[in-house]
> 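This structure is in C-alpha cells; I'll ask about it shortly.
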Amino acid sequence: MGYESRSKAVQDSVRLFVSEKKWLREEKADQTGILLMVYDHEVAGLEGELTEVQHDHAAVISSSMHIHVGERDCLEAIAVKGKASEIRKLSNELTTKKGVKILKTMMVSL
C-alpha cells in the first residue's frame, strides 16, 4: 500500500479505528461523515420510504448523491453533520427498510 514501515500502517489503522468508533460514545457531540447505502430500487415503495426518512432527518443531511450501479441496485452517499444521536437514528431507520442491502456509516471525529 505504499507505506515505508509497518508501524506507520498500524498507526493509521488504529487512528481510523478509534475515529470510527469514537462517534458512537458521543451522543450529543457534533459529528460529520457519510452514510453509504446500497439498495434495490425495484422493491415496491422503497424509494418513497427512503425519501421520507431523509426528509424527516433533513436537519442532519448536508447533501446526497445517487448513483446507478446495476440493473436493480443504486448506491446513495448521504453527507451528514449534526448530533451523533440524530445521525444514528437516521442510519437505523434507513438500514431497517426492506430492500436496503447494506448501509455503512463512516464518521470522522475532528
Side-chain angles (χ1 to χ4, degrees):
M1 293 184 58
Y3 285 101
E4 291 182 18
S5 70
R6 245 187 323 222
S7 63
K8 177 64 175 152
V10 170
Q11 179 184 13
D12 285 353
S13 297
V14 170
R15 183 179 295 116
L16 181 61
F17 176 80
V18 169
S19 175
E20 187 174 300
K21 300 303 178 191
K22 182 179 177 184
W23 84 278
L24 292 170
R25 294 185 322 239
E26 299 177 358
E27 287 286 317
K28 296 182 181 183
D30 283 333
Q31 301 289 333
T32 191
I34 297 286
L35 305 181
L36 194 62
M37 174 175 58
V38 175
Y39 66 92
D40 181 345
H41 76 269
E42 291 189 14
V43 171
L46 177 60
E47 288 182 320
E49 290 180 41
L50 295 176
T51 299
E52 186 175 320
V53 169
Q54 290 182 52
H55 280 242
D56 291 344
H57 296 278
V60 295
I61 297 175
S62 300
S63 182
S64 66
M65 179 174 50
H66 182 94
I67 303 165
H68 303 281
V69 294
E71 287 293 318
R72 298 179 63 121
D73 293 332
C74 293
L75 180 141
E76 195 147 338
I78 305 167
V80 292
K81 182 178 180 182
K83 301 291 179 220
S85 59
E86 291 302 313
I87 294 169
R88 185 175 299 108
K89 286 179 191 175
L90 169 61
S91 177
N92 290 343
E93 285 184 41
L94 292 171
T95 300
T96 59
K97 298 297 180 194
K98 182 180 179 189
V100 172
K101 295 182 173 187
I102 189 166
L103 189 140
K104 173 75 174 164
T105 302
M106 295 169 280
M107 303 305 292
V108 179
S109 297
L110 304 173

> Test of understanding: with side chain to side chain donor-acceptor pair (under 3.5 Å), list the residues that count as partners of T96, not counting sequence neighbours.
none
> Out of curiosity, M37 CE to L50 CG, how far, rounded to the nearest 0.5 Å?
4.5 Å
> Once side-chain contact (heavy atoms from CB on, under 4.5 Å) is applied, do any residues pair with A79, and if so which ones, sequence neighbours excluded?
I34, S62, S63
> Under the side chain to side chain donor-acceptor pair (under 3.5 Å) test, which residues partner K97, sequence neighbours left out?
none
> List the residues meeting salt bridge (charged side-chain N to carboxylate O under 4.0 Å, His left out) with K81, not counting sequence neighbours, and say none if there are none.
none
> Scan the side chains in residues 67-74 for donor-acceptor partners under 3.5 Å anywhere in the protein, sequence neighbours excluded, and list what turns up.
unit_1, atom_1, unit_2, atom_2, d
R72, NE, D40, OD1, 3.3
R72, NE, D40, OD2, 3.0
R72, NH1, E42, OE1, 3.4
R72, NH2, D40, OD2, 2.7
D73, OD1, K101, NZ, 2.7
D73, OD2, K101, NZ, 3.3

> Which distance, rounded to the nearest 0.5 Å, do you find between the CD1 of I78 and the CG of L94?
5.0 Å
> List the residues meeting side-chain contact (heavy atoms from CB on, under 4.5 Å) with T95, not counting sequence neighbours, and say none if there are none.
S91, L103
> In chain order, what residues pass the side-chain contact (heavy atoms from CB on, under 4.5 Å) check against D56, with sequence neighbours excluded?
E52
> Got a sec, which residues hit salt bridge (charged side-chain N to carboxylate O under 4.0 Å, His left out) with K98, two or more places apart in sequence or on another chain?
none
> Which pairs with one or both residues in residues 73-95 pass ring-ring contact (aromatic ring centres under 6.0 Å, His included), sequence neighbours excluded?
none
> With sequence neighbours excluded, what pairs up with E93 under the side-chain contact (heavy atoms from CB on, under 4.5 Å) test?
V53, H57
> Listed by chain and number, what are the side chain to side chain donor-acceptor pair (under 3.5 Å) partners of S13, not counting sequence neighbours?
none
